[in-house]
Peer 1: 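If you scroll down you'll find the structure; I have some questions about it.
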Amino acid sequence: MSYAEVSVNSPIAQRRTFSYSIPQGLDVKAGQAVWVPFGDKTLQGIVLELTDYAAVEETRDIIGTIDPLPLLSPAHILLARWISNYYLSPLFDAVALMLPPGFERRTLTYISLTGRGYDPATLTQQQRYVLQLADQQDSVSLRQLEKALGKKNAQTVVSQLVGRGLVARSHSLERDRIGPKQVPYLRLTVTPDEARQARLSMGRATKQAALLEFLVERQVPVPLSEVRQQLNISRAVINILQKKGLVIIEQVEVRRHPFIPQGTAPSHTLHLTPAQETAFRAIRSSLTAPNRTYPEVFLLHGVTGSGKTEVYLQALAETVRRGKRGIVLVPEIALTPQTIERFAARFPNRVAVLHSRLSPGEQYDEWQAIRNGQFDVVIGPRSALFAPQPDLGLIVIDEEHEWTYKQQEQSPRYHVRDTAIKLAELTGATAVLGSATPDVETFHRAQQDDYVLLRLPERVTPDGSASLPRVEIIDLREELKAGNRSIFSVALSEAIERVLANGEQAILFLNRRGGATSIQCRNCGFVLACQRCETPLSYHLTEDILVCHQCNRRAQVPRTCPRCTSRRIKFLGLGTQRLEREASLAFPDARLLRWDSDVTRRKQSHQEILDRFRNHEADILIGTQMVAKGLDLPSITLVGVVNADTGLNLPDFRAGERTFQLLCQVAGRAGRGTVPGQVIIQTYAPEHYAVQAAAGHDYDLFYETEIAYRRQLRNPPFTQLAGLTYIHTNDAACWREAKHMERRILEERDARGIAGLSLIGPAPAFIHRLRGRFRWQIILRGSELSDFLAQIPIPQGWTVDVDPVGL
Ligand code: ADP
Ligand code: ZN
Ligand code: ZN
């Protein structure tokens with residue numbers, strides 16, 4: 001084949017490939033990274049297809065290959081095309097998901113002499129300088145020239161010289177400059193017997209003796225830091241033994257796995273409960289089915305603590321037994337260390353944990369190691385789906401309902417659940433979606449038999465079966481009527497006192513950080529808002545400052561109302577900081593710990609907070625939705641939801657679903673040990689179906705109510721949505737462009753006679769103004785919207801979001 005269809009790394013390329021001819025003698029494969037001429041530039045591209053004929057009459061030659069091996073597998077090429085078509089994203093954005101980390105940054109351009117003669121008098125001083133350098137060094141990197149001459153200038157001078165045929169550009173990938181990490185280890189230099197001999201002669205030097213004993217017992221070299229921590233010995237002790245020739249310190253290369261704690265003990269397969277066994281068998285039979293042509297998707301619906309993770313682990317083990325590999329997706333690595341540990345413990349040294357905290361060099365190494373088949377299991381956030389895991393047999397998506405599985409901030413705006421199902425179809429892998437509170441759309445598909453529904457209705461605990469915690473709903477309006485003005489109802493106060501008296505632990509959950517939500521003038525009603533975003537500012541108690549939760553702008557608290565100068569300014573609502581203060585006043589003896597993004601941004605990491613609570617250094621953990629995620633601690637016997645309504649009044653048709661999911665999740669943190677758990681939900685809307693269903697641990701009640709609303713209001717899954725947002729600094733211009741787009745869409749719809757397609761808007765987006773830029777939005781409601789929108793030219797400045805979450 002003599003032509004290649006290439007996805008080019010240029011914003012102009014959009015959803016298209018470009019045809020290039022393959023020069024004689026160049027071996028090019030599909031999936032390979034190449035340099036191609038594009039206008040007057042040389043750009044990176046990925047070959048997506050080899051063809052006998054070009055799509056256009058005149059083609060230019062591929063310049064050369066970047067990497068000898070293909071970077072994308074055939075399945076990944078098809079997946080990238082699908083993402084681009086379905087989510088209407090530039091093709092290269094989709095391709096880039098699958099490239100090694102840092103691929104785009106890691107390309108270098110070099111300049112070398114062509115050998116053509118020239119007259120120095122006709123050249124500028126800078127041109128002569130470049131030629132001189134290129135001559136001295138054989139070839140000089142563009143980066144070096146940019147440092148010397150300035151970025152723009154260097155590129156101009158080089159272009160001039162290329163134009164005169166005096167120098168040529170060449171390109172190569174930057175080689176890894178980051179070496180493996182070295183860590184000091186302590187090792188015995190004598191046999192265990194000799195060490196025991198030496199120990200006997202030590203007499204009163206007990207620290208030295210203890211160290212020798214420790215090393216004999218461990219048999220293998222031990223990291224120096226671990227030795228010092230475990231034995232609490234000084235460096236001097238080690239030095240003495242080293243002088244005596246008994247031990248030596250060696251530098252050992254280590255691969256860093258920040259989320260797999262050193263010394264995680266291997267875990268063993270558990271004996272499955274009957275419900276787990278049924279689920280496992282169903283998945284196993286899918287794994288052994290010969291070459292299916294359709295994706296087999298399972299929805300594993302099990303209440304919190306019902307043993308879903310054990311089913312994933314055994315399904316993965318089965319996958320590995322069949323010579324295949326797996327990918328496991330989790331919503332957020334930092335919030336689920338306990339889950340990660342369980343995978344690492346079951347497949348020691350066979351798990352790759354992908355995380356952005358790895359350095360670029362480490363990420364790149366990890367990618368290569370995965371491609372070489374070094375790991376049975378790759379685990380990570382949504383981007384881990386695109387790891388080059390060979391022989392993929394199983395994809396697990398834990399907590400499949402989580403919104404972090406949709407990429408919202410940048411193109412491609414893909415949902416990893418649907419993308420994973422596509423990848424399963426392309427590779428013949430099996431997909432398992434797990435959740436205690438499945439997404440309504442997912443559950444609906446299972447009801448339609450698109451997915452196979454597997455259920456784990458009961459909790460499992462090591463000592464038999466523990467029931468789900470008892471949930472009590474407290475009507476805050478009644479508390480107020482009875483004269484209780486505290487933010488803690490009588491029932492919640494009593495429950496907290498009991499936990500403290502028994503030495504147990506409690507969680508107080510409030511899905512809003514800061515002190516008060518907003519500050520309002522009692523005289524004129526003016527609400528202090530961010531000048532750039534129009535969002536009400538939140539009061540942060542500890543710093544005594546107002547913060548915009550959209551753009552993080554900070555402002556002083558005014559003494560008087562900016563509009564009417566009244567001094568009657570009042571704090572409204574409640575956030576985690578204020579909750580912490582109220583709790584410290586109400587329960588002065590309790591040790592409190594707060595966990596929200598304000599705390600983790602400043603100094604403490606998630607892991608640190610989690611460890612402190614795990615070690616019982618605090619009695620009450622106060623937090624936002626972070627506390628609802630991966631905590632599995634037997635000593636938590638009480639969960640108090642301080643205000644269940646924070647999310648109910650948002651202008652989003654998924655507000656009820658979101659509230660239900662969060663309440664179930666946080667309630668699931670209670671009563672994982674032998675003491676039965678208790679949950680108290682405080683609310684102003686006790687009759688709301690989301691609150692009622694969460695209190696009864698009743699997914700079916702929630703689903704039946706929710707799906708009826710969706711059907712009635714023609715919301716997904718009964719229709720499909722797509723959001724189009726236009727962003728501009730001028731509000732009026734923004735609105736005009738949105739009106740223009742509205743007309744274009746309606747014309748196209750009518751010209752093609754499409755029924756059942758309606759528009760909402762143009763309307764200001766939920767966050768109308770963000771960082772000084774205005775946003776207008778059009779929402780399409782219909783079906784097969786990707787195909788429809790593909791026909792409409794969408795100008796610069798618009799973003800398209802197919803199947804948006806959170807409107
Ligand atoms: P889920 O993932 O559904 O929240 P987990 O897998 O975390 O549930 O299981 C909850 C607890 O039950 C864990 O401590 C786990 O080790 C234990 N467990 C799960 N399956 C079994 C089993 N078959 N036998 C004994 N203990 C089990
Ligand atoms: Zn006022
Ligand atoms: Zn702002």
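These numbers come from the heavy atoms of this one structure, side chains and all, not from hydrogens, waters or symmetry mates. Start at 1 and go down the list; that is how both ligands and their atoms are numbered.
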Peer 1: Does Ser306 reach ligand 1 with a nitrogen or oxygen that is under 3.5 Å from one of the ligand's nitrogen or oxygen atoms?
Peer 2: yes

Peer 1: Give the atom numbers and elements of ligand 1 that come within less than 4.0 Å of a heavy atom of Leu272.
Peer 2: 23 (N)

Peer 1: Please state which option from Glu310, Glu399, Arg342, Glu277 has its nearest heavy atom closest to atom 5 (P) of ligand 1.
Peer 2: Arg342

Peer 1: Numbering the atoms of ligand 1 from 1, which are under 4.0 Å from a heavy atom of Thr273?
Peer 2: 23 (N)

Peer 1: Below 4.0 Å, non-hydrogen atoms only: which portion of Arg459 touches ligand 1? Side chain, backbone, both or neither.
Peer 2: neither

Peer 1: What are the two closest non-hydrogen atoms of Ala352 and Glu366, and how far apart are they?
Peer 2: CB-OE2, 3.7 Å

Peer 1: Please find out if less than 6.0 Å separates the ring center of Tyr414 from that of Phe386.
Peer 2: yes

Peer 1: Is it the side chain, the backbone, both or neither of Leu270 that has a heavy atom closer than 4.0 Å to ligand 1?
Peer 2: side chain

Peer 1: If you measure every N or O of Gly305 against every N or O of ligand 1, does any of those distances drop under 3.5 Å?
Peer 2: yes

Peer 1: Is Thr339 in contact with ligand 1, taking contact as a heavy-atom separation below 4.0 Å?
Peer 2: no

Peer 1: Hey, can you tell me if His444 and Phe718 have their rings parallel, tilted or perpendicular (30° and 60° cut-offs)?
Peer 2: perpendicular

Peer 1: Relative to the heavy atoms of Val303, which atoms of ligand 1 are at a distance of less than 4.0 Å?
Peer 2: 3 (O)

Peer 1: Quick one: does any side-chain atom of Glu400 pair with a main-chain N or O of Asp439 as donor and acceptor, under 3.5 Å?
Peer 2: yes

Peer 1: When you compare the side chains of Ser435 and Glu399, does any donor N or O come within less than 3.5 Å of an acceptor on the partner?
Peer 2: no

Peer 1: Determine whether the aromatic ring centres of residues Tyr689 and Phe660 are separated by less than 6.0 angstrom.
Peer 2: no

Peer 1: Under 4.0 Å from a heavy atom of His271: which atoms of ligand 1 are those, numbered in the order shown and with their elements?
Peer 2: 22 (C), 23 (N), 24 (N)

Peer 1: Tell me whether the guanidinium CZ or amine NZ of Arg658 lies under 6.0 angstrom from the six-membered ring centre of Trp403 and within 45° of its axis.
Peer 2: yes

